[in-house]
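Residue numbers count from 1 along this sequence.
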Amino acid sequence: MAKDDVLGRVDADLGRGHTHPAMQRLASLTAAYPDDLEIRARRAALKLVF
């Protein structure tokens, strides 16, 4: 699945209040794109909130 599709699903998960699946998706993206700072920042921000 493309990165943009997964990020869209993350946004949808968060919109429904489903933080666990959002974190799992961001963890998978971090593994697939280890140098992508946007993904790392979104994951870190989510960890700070929840």
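No more than 12 heavy atoms of other residues, nucleotides or ligands shown are found within 6.0 angstrom of NZ on Lys47.
Every residue was checked against the side chain to side chain contact (heavy atoms under 4.5 Å, CB included) condition with Ser28, not counting sequence neighbours, and none meets it. The side chain to side chain contact (heavy atoms under 4.5 Å, CB included) check on Asp35 picks up nothing, with sequence neighbours excluded. Residues meeting the side chain to side chain donor-acceptor pair (under 3.5 Å) test with Glu38, sequence neighbours left out: none.
Side-chain atoms of Leu26 and Val6, non-hydrogen and from C-beta on, never get closer than 4.5 Å to each other. Side-chain contact between Arg40 and Pro34 is present, with at least one heavy-atom pair separated by less than 4.5 Å. Using a 4.5 Å cut-off on side-chain heavy atoms (C-beta onward), Leu7 and Leu29 make contact. Proximity of Lys3 to Asp36: side-chain heavy atoms (C-beta onward) are separated by under 4.5 Å at one or more points.
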Q: Show your reasoning for whether salt bridge (charged side-chain N to carboxylate O under 4.0 Å, His left out) applies to Arg42 and Asp11.
A: CA-CA 11 Å; Arg42 288 185 67 163; Asp11 291 336; 2.4 Å; yes
**Q.** Intermediate values then yes/no, side-chain contact (heavy atoms from CB on, under 4.5 Å), Leu46 and Leu14
**A.** CA-CA 10 Å; Leu46 187 56; Leu14 293 175; 3.7 Å; yes
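The pair Arg25-Asp5 fails the salt-bridge criterion, with no side-chain N (NZ, NE, NH1 or NH2) lying under 4.0 Å from an Asp/Glu carboxylate O.
Rounded to the nearest 0.5 angstrom, Arg9 CZ and Asp4 CG are separated by 13.0 Å.
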